[in-house]
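Each remark here refers to the structure printed beneath this line.
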Amino acid sequence: MDKSTSPGRPDAGGRREPMSKVDTAWLRMERRSNPMMITGVLMFAERLSLDALRELIDERFLAYARFRQRPVQTASSAVWETDEALDLEWHVQPASLPGRGGKQALERFVSRLASTALDPQRPRWQFHLIEDYRGGSALVARIHHCYADGMALVQVLLSLTDTRRHPRRGDGLPHTWLKQEHADVARRVGAVDRYVRLGGKIGGKMVEKGLEMYRDPTLAAVLAREGGEIARELLTALALSDDPPSLLRGALGPRKRVAWAEPLDLEEVKAVGRACGCTVNDVLMAVAAGALRHYMVERGDPVDGLTLRATVPVNLRPLEHARKLGNHFGLVFLDLPVGEANPVRRVERVASCMESLKNSKQAIVAYGLLATLGVAPAGVQTVALEMLSRKASTVATNVPGPQQTLYLAGAALDQMMFWVPQTGSIGVGISILSYNGRVHFGLIADGKLIPDPGDVICHFGEEFDKLLYLALMGDWDTPLDASAAQALLVEG
């Protein structure tokens with residue numbers, strides 16, 4: 001029997017189990033203009049062989065039983081169905097780049113894959129290995145969002161790595177980096193604190209089990225537990241005005257474009273955060289806002305006084321459970337002050353918005369909404385999704401990674417980047433990932449909105465350099481105010 005075609009046959013399916021409501025919602029969000037895939041690229045300083053990769057995927061990736069299953073939509077919901085004829089050679093494929101195979105060629109290759117939906121007749125994940133890339137190798141991974149959220153899938157990919165080139169039994173990536181690095185970001189937007197309070201209301205048994213979230217909370221259940229405050233948050237979210245018109249919004253096409261910037265030094269980013277009296281996350285999101293501003297100004301798009309919103313995913317699972325699959329995250333709306341010319345004032349405004357979100361229940365509300373949409377009729381889901389997506393112009397993610405060199409099948413991992421899918425009418429995604437002392441910026445955009453995302457990416461370093469200059473010229477112990485920053489910019 002030919003395994004390359006067998007998954008489409010009725011006898012190729014195995015046992016079934018129901019899919020959670022939130023995972024069902026992400027499955028049903030699939031659009032030609034926005035495939036619901038999380039796409040990642042890993043670049044290695046040395047060669048990685050296809051045979052070694054397939055052996056690793058078989059041993060570690062498929063140890064997650066979910067990846068042996070494909071999502072199947074039913075009349076009223078969706079189920080997971082085991083693929084008894086899973087073909088590893090199809091799921092882990094060799095690839096090559098044209099010409100000299102440099103960074104731009106890899107970006108174009110990733111763009112094509114990010115624009116191409118995964119085969120619905122198979123488990124929806126695939127790896128493409130370019131064995132020869134700039135003296136090393138590159139690996140492109142695509143996994144459908146219904147399997148898990150970005151935080152969990154980054155952990156899945158990291159579970160394929162080792163902390164030594166030749167690991168010994170018992171070696172493993174310590175969990176401390178996740179708890180220490182991610183906790184501040186999550187608490188900054190209220191996720192962990194609100195989550196703990198919610199867990200306390202659920203009851204002692206849930207606390208004893210590690211504060212695990214109900215897998216399928218409906219919006220009604222959330223409202224019943226949290227009462228009027230949650231209701232007010234819901235009304236506030238629904239009452240948000242649509243994001244203003246800009247070149248970042250418009251009719252979407254079927255093609256995605258991706259690009260990534262040269263990495264920043266993480267210690268320098270932390271230093272700027274200390275100088276400005278804010279978090280690393282505040283600095284990085286302000287840098288992203290500055291890069292978008294620069295791009296829009298170059299193209300004559302009016303930006304004076306303009307504020308755009310980004311939807312920011314917030315982890316809602318206990319941090320020590322980050323490797324568990326499924327979607328356990330909410331969303332908050334973060335202001336990106338692209339109309340602010342002063343870099344330090346831009347950081348202050350982002351930090352202020354983050355501070356207000358710390359006391360918000362937006363993330364919990366969004367999680368409940370996603371659960372509700374997972375069981376709503378398709379027409380209702382489409383209308384609700386479009387309504388929510390009009391309230392933001394971009395999706396922004398920031399995932400702190402481990403700060404040590406990792407190895408995959410013996411090859412040293414040099415850089416990595418990933419992009420989460422956009423939803424509804426949102427056509428731009430910003431990704432930030434730190435790894436081994438460096439911060440990596442990536443952009444994915446609809447080809448009709450931003451034909452060449454490299455024209456945006458090139459400004460990330462420039463915008464950070466402005467902040468670094470101001471921080472170096474200022475008093476390290478006193479946060480820079482806007483007037484001092486402007487004076488330094490004029491002098492510079």
For [X], what residues pass the side chain to side chain donor-acceptor pair (under 3.5 Å) criterion, not counting sequence neighbours?
X    : result
E107 : K103
R68  : none
S393 : D243
R124 : none

Does a salt bridge link E262 with R438, judged by any charged N lying under 4.0 Å from a carboxylate O?
no
Can you classify the ring geometry of F61 versus F127 as parallel (below 30°), tilted (30 to 60°) or perpendicular (above 60°)?
perpendicular
Can you say whether the rings of F460 and F441 are parallel (under 30°), tilted (30 to 60°) or perpendicular (over 60°)?
tilted
Tell me if a side-chain donor or acceptor on [X] pairs with a main-chain N or O of [Y] at a distance below 3.5 Å.
X    : Y    : value
W260 : M417 : no
R165 : G410 : yes
T394 : V428 : yes
Y435 : L406 : yes
Q126 : W90  : yes

Can you find a pair of side-chain heavy atoms, one from [X] and one from [Y], that are under 4.5 Å apart?
X    : Y    : answer
R47  : S137 : yes
L449 : L248 : no
R142 : T116 : yes
E81  : R16  : yes

Pairs involving residues 49-59, ordered by first then second residue, that meet salt bridge (charged side-chain N to carboxylate O under 4.0 Å, His left out) (sequence neighbours left out)
none
Nearest atoms (heavy-atom pairs only) where L413 meets T405:
O-CG2, 4.5 Å
Between W26, W80, Y64, which is the residue that forms a ring-ring contact (aromatic ring centres under 6.0 Å, His included) with Y147?
W80
By ring pair (Phe, Tyr, Trp, His ring centres under 6.0 Å), which residues pair with H459, not counting sequence neighbours?
H294
